[in-house]
Number of protein chains: 2
Amino acid sequence: MKLNTKSRYAVMALADMAIFSDKKAVSLRDISLRQGISLLYLEQIFLRLKKNKIVNSVRGINGGYTFVKSPKELKISDILLALDQKVKTIGCKKDSKKSCNGKSTKCITHNFWDELDLHINSFFENKRLSDLLKNKEVRL
Amino acid sequence: MKLNTKSRYAVMALADMAIFSDKKAVSLRDISLRQGISLLYLEQIFLRLKKNKIVNSVRGINGGYTFVKSPKELKISDILLALDQKVKTIGCKKDSKKSCNGKSTKCITHNFWDELDLHINSFFENKRLSDLLKNKEVRL
DNA sequence: CAAAAACTTGACTATTTTGGTCGGGTATAT
DNA sequence: ATATACCCGACCAAAATAGTCAAGTTTTTG
């Protein structure tokens with residue numbers, strides 16, 4: 001079980017933004033250089049962050065991205081959601097026809113996976129972006 | 001982020017075994033039929049469970065698999081480990097040359113991912129197979 | 001003993017997901 | 001004007017996933 005790079009890079013990039021955003025917009029180029037993430041890939045990621053109202057964009061020569069919510073208010077779960085990465089450990093879906101494995105009843109481990117999802121998602125729900133930056137010296 | 005079917009089926013199959021093992025070995029054929037998992041796939045899974053001392057096998061006509069540890073003692077983390085599925089949310093490794101993204105320092109979000117791994121793994125560490133079966137009516 | 005049930009094992013494969021890149025835009029500050 | 005930076009859809013190679021296949025071996029029981 002692992003998180004994909006898209007989600008990971010998104011959190012990294014936004015953490016970077018949080019550190020370096022002193023009112024001004026932060027450009028992807030800068031983030032790319034500081035965090036070692038491909039610029040083109042970052043564009044793809046920020047497209048979705050923008051669509052999901054995590055960031056605003058500023059075009060033009062001193063452009064870049066700014067936060068919609070402040071890092072203090074921005075939940076990690078919001079970020080993952082923007083990238084379609086909510087945790088769904090299993091396939092047991094509430095399909096109309098069959099639940100779980102084609103049986104009419106829930107599979108024996110169903111409740112367990114539900115618990116797991118809850119356990120993981122609550123972690124992301126309770127973390128704000130600003131929490132990641134505590135005790136971080138800023139490296140320039 | 002999702003668990004693969006191998007781990008999922010392993011837990012399901014072992015839960016099934018726990019319900020139906022009244023001293024006797026449980027055959028994969030029975031598990032396959034009850035849980036709707038491909039027999040051939042189950043074989044692949046149980047091969048690894050056996051190699052990792054989660055189950056013993058009994059050959060021959062009334063053969064099947066039995067538990068090495070009782071379901072009361074068997075941790076879910078043991079099962080996942082047998083299938084190489086310990087949680088490792090990210091790539092930040094302790095490589096000798098570079099940590100995280102090629103920088104000499106840990107990436108800004110490193111501690112966060114460590115926390116996440118810990119959070120998830122502790123869930124699996126604290127669950128025993130027998131815990132999944134509580135409040136379960138046995139369906140025949 | 002023969003036959004069937006059940007485990008053993010490695011190799012193989014189709015599909016999907018991942019992790020990006022490419023190319024051609026558009027907007028805006030200086 | 002022009003350089004910088006966002007915008008966006010299409011594309012693609014490689015890896016992982018989710019199985020299947022084939023060809024066994026072992027053991028019980030009729």
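Just so you know, these numbers come straight off a predicted model, no measurement behind them. Reminder, nothing fancy here: chain letters follow the sequence lines and each chain counts from 1.
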A:Lys69 and A:Asp78 ion-paired at < 4.0 Å: yes

Short side-chain N/O contact to C:dG19 OP1/OP2 from A:Tyr9, under 4.0 Å: no

Aromatic ring pairing A:His119/B:His119, orientation class (parallel under 30°, perpendicular over 60°, tilted between): parallel

Separation of D:dC8 C1' from A:Asn52 CG (nearest whole Å): 16 Å

side-chain N/O B:Ser38 vs D:dT20 OP1/OP2, d < 4.0 Å: yes

Selection from C:dG20, D:dG9, D:dA5 that lies nearest to any side-chain heavy atom of A:Lys51: D:dG9

Short N-O contact, A:Arg128 and A:Glu73, less than 4.0 angstrom: no

Residues in contact with DNA chain C, drawn from residues 40-50 of chain A - heavy-atom cutoff 4.0 Å: A:Leu40, A:Tyr41, A:Gln44

A:Asn62 vs D:dT4: side-chain N/O to OP1/OP2 distance below 4.0 Å: no

Atom-pair distance (CG on A:Asn4; P on C:dG19), nearest Å: 5 Å

Proximity of A:Tyr9 and A:Phe46 rings by center, below 6.0 Å: no

No-H, no-angle donor-acceptor pair, A:Arg59 side chain to C:dT26 base, under 3.5 Å: yes

Position toward the 5' end of DNA chain D (nearest nucleotide), A:Ser57 or A:Ile61: A:Ile61

